[in-house]
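Working notes, beginning with the structure itself.
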Amino acid sequence: MITVAEAKKILDKQAQQMLSFLPKTGRILPLTEVVGRITAEPISAPISVPLFDNSAMDGFAVRSADVKTASPDCPVILKIDGEARAGDSLKELGEPQTTIRIMTGAPLPLNADAVVMKEEAVEKNGGVLLSRPVAAGKNVRRKGEDFNAGDEAIPVGTKITPGVAGLMASLGIRNVPVKPKPRVSVIATGCELVSCLEALKPGKILESNSVFLKAALSEIGISPVRNAVIEDDPALIRERLVAAFEDCHQVASDVIIITGGVSVGDHDHTRSVLEGLGVTQLFWKVAQKPGKPFYVGTLDKKGEKGEKLIFGLPGNPYAVFVCFYLYIHPILLTLMGHPHPEPRRERLKLSRGIAKNDGRSHFLKGKTVQKNNETLAWPLKGQGSHLLGALTKTDILICVPAETREIKEGEEVEVVYLP
Ligand code: AMP
Ligand code: MG
């Protein structure tokens with residue numbers, strides 16, 4: 001049995017090795033398909049943003065020199081000479097002492113150098129009364145304020161958030177080079193499992209692991225290439241694994257997640273089937289709760305560069321949850337080139353004391369709560385690894401170190417934030 005830290009270290013090394021096999025160049029995908037992906041190259045701005053000087057306010061475009069002397073006692077009157085709306089082409093301010101009515105986003109007329117807010121102007125008989133001077137550049141959005149054409153706008157390795165997708169659209173970037181993402185297969189095993197669409201029978205339970213995994217993968221933009229629920233039958237398990245291995249792809253990192261049957265029960269066949277298929281065990285059993293029988297193995301890609309990575313998770317649903325977020329989620333993000341693959345960790349005070357009597361690291365369902373302007377970690381009720389009820393509240397995993405037996409209320413503990 002290895003420690004959580006040792007398991008993490010082995011997986012980190014494995015991830016780096018798999019990354020080194022991946023092609024360095026990205027795939028070009030349409031903008032509509034890249035949210036959540038990572039840019040594979042630096043992207044420069046094809047146009048300046050803003051594209052032209054324009055008004056930041058609804059108001060009046062003026063020459064600041066024309067209103068230099070304006071004061072409440074001696075206001076300046078400018079004649080309104082036309083209108084510039086957003087979307088209009090460039091206008092020109094004519095005679096001195098004239099102004100153009102302007103809307104937010106309209107190109108700043110030639111000869112104008114400032115905009116007076118509508119709220120600061122008094123309209124009268126086709127003219128506008130200004131009782132204060134305005135500084136040149138006031139309420140003007142300058143061309144190239146964010147980027148000049150040719151500037152690097154989006155560095156390589158940027159996560160394409162919805163905001164970054166909006167930025168790309170504003171620059172006219174329609175096709176985006178993104179880093180490759182892993183191909184993932186999910187296999188749930190267990191004779192007791194019934195998918196939620198089928199009728200329950202005596203002794204059977206509703207299958208949830210593959211549903212959870214599919215949902216958690218979809219949050220990082222991965223849709224499993226295969227998704228199967230099968231019985232504890234070595235031949236069936238073998239058949240599904242062979243199919244998953246065959247689906248593997250030359251230019252992708254391949255990950256297979258199989259749940260159930262990885263412990264020492266008489267009908268736990270996963271490990272022996274994997275061994276029979278030539279999978280090399282990286283580790284089996286981690287000193288943690290839940291998820292002690294966690295298994296990881298690798299398989300060479302025949303005749304190709306790289307390796308397939310196989311996660312064997314114990315079947316208990318909360319063990320699957322913990323193993324996924326602690327180990328699999330970070331490694332998938334790493335393989336996708338994500339700049340920050342590890343979850344956020346923090347030390348928080350416990351809102352109530354906890355105790356344990358073994359030498360394993362425990363990962364408790366927890367919730368952050370606010371008390372006297374401080375964030376505390378609240379260990380939830382219903383910690384059993386077969387129970388998911390507390391997940392309606394869970395936003396953190398409370399990490400109780402292996403060697404710790406007790407943490408009192410008010411003492412600090414490390415927590416991992418869930419995505
Ligand atoms: P195992 O690791 O196969 O011994 O399973 C441990 C526990 O998890 C058993 O109580 C199983 O019924 C349960 N379990 C296994 N697979 C699933 C699944 N896909 N969905 C829900 N529960 C499961
Ligand atoms: Mg089982």
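Counting starts at 1 for both ligands and their atoms, in listed order. Along the sequence shown, residues are numbered consecutively beginning with 1. Every heavy atom of this structure was used, including side-chain atoms; hydrogens, water molecules and symmetry mates were not.
Below 30°, between 30° and 60°, or above 60°: for His269 and His267 the angle between ring planes is above 60°, a perpendicular geometry.
The shortest separation from a heavy atom of Gly190 to ligand 1 is not under 4.0 Å, leaving the residue out of contact. Judged by the shortest distance from any of its heavy atoms, Glu207 lies inside the 4.0 Å radius around the atoms of ligand 1. Taking a 4.0 Å cut-off on heavy atoms, Ser208 registers as neighbouring ligand 1.
Shown in contact with Gly260 at under 4.0 Å from a heavy atom are these atoms of ligand 1, numbered in order with element: 2 (O), 3 (O).
In this structure, Asp232 contributes its side chain and Gly261 its backbone to no donor-acceptor pair below 3.5 Å. Looking at Lys8, its side chain does come within 3.5 Å of a backbone N or O of Leu326 through a donor-acceptor pair. Here the side chain of Asp395 pairs a donor or acceptor atom with the backbone of Thr368 at under 3.5 angstrom. Panel note: side chain Arg132, backbone Glu120; no donor-acceptor pair is recorded below 3.5 Å. When atom types are taken as modelled, the side chain of Lys365 and the backbone of Gly382 share a donor-acceptor pair closer than 3.5 angstrom. Under the 3.5 Å distance criterion, the side-chain polar atoms of Asn54 are left unmatched by any main-chain donor or acceptor of Ala106.
Across Phe363, Phe294, Phe283, a single residue satisfies ring pair (Phe, Tyr, Trp, His ring centres under 6.0 Å) together with Tyr327, and that is Phe294. Of the candidates Arg344, Arg345, Arg347, Arg345 is the only one forming a salt bridge (charged side-chain N to carboxylate O under 4.0 Å, His left out) with Glu414.
Residue Pro314 has no nitrogen or oxygen atom sitting less than 3.5 Å from a nitrogen or oxygen atom of ligand 1, judged on distance alone. Considering backbone and side-chain N/O of Leu193, none are found under 3.5 Å from N/O of ligand 1. An N or O contact shorter than 3.5 Å links Glu192 to ligand 1 by distance.
Only the side chain of Ile205 comes within 4.0 Å of ligand 1, judged by heavy-atom distances. Proximity of Val229 to ligand 1, defined as any heavy-atom pair under 4.0 Å, is not found for any part of the residue. Contact annotation for Ser210 and ligand 1: no heavy atom of the residue comes within less than 4.0 Å of the ligand.
In terms of protein heavy atoms, atom 18 (C) of ligand 1 is closest to Asn209 ND2, 3.1 Å. For atom 23 (C) of ligand 1, the nearest non-hydrogen atom of the protein is Gly315 O, 3.4 Å. For atom 3 (O) of ligand 1, the closest heavy atom belonging to the protein is Gly261 N, 2.9 Å. The nearest protein atom to atom 4 (O) of ligand 1, hydrogens excluded, is given as Asp268 OD1, 4.2 Å; this is a heavy-atom distance.
Residues Pro343 and Pro330 are in side-chain contact: their nearest non-hydrogen atoms beyond the backbone lie under 4.5 Å apart.
Distances from atom 6 (C) of ligand 1 to the heavy atoms of Leu388, Asn316, Thr270, Val320 show the closest one on Asn316.
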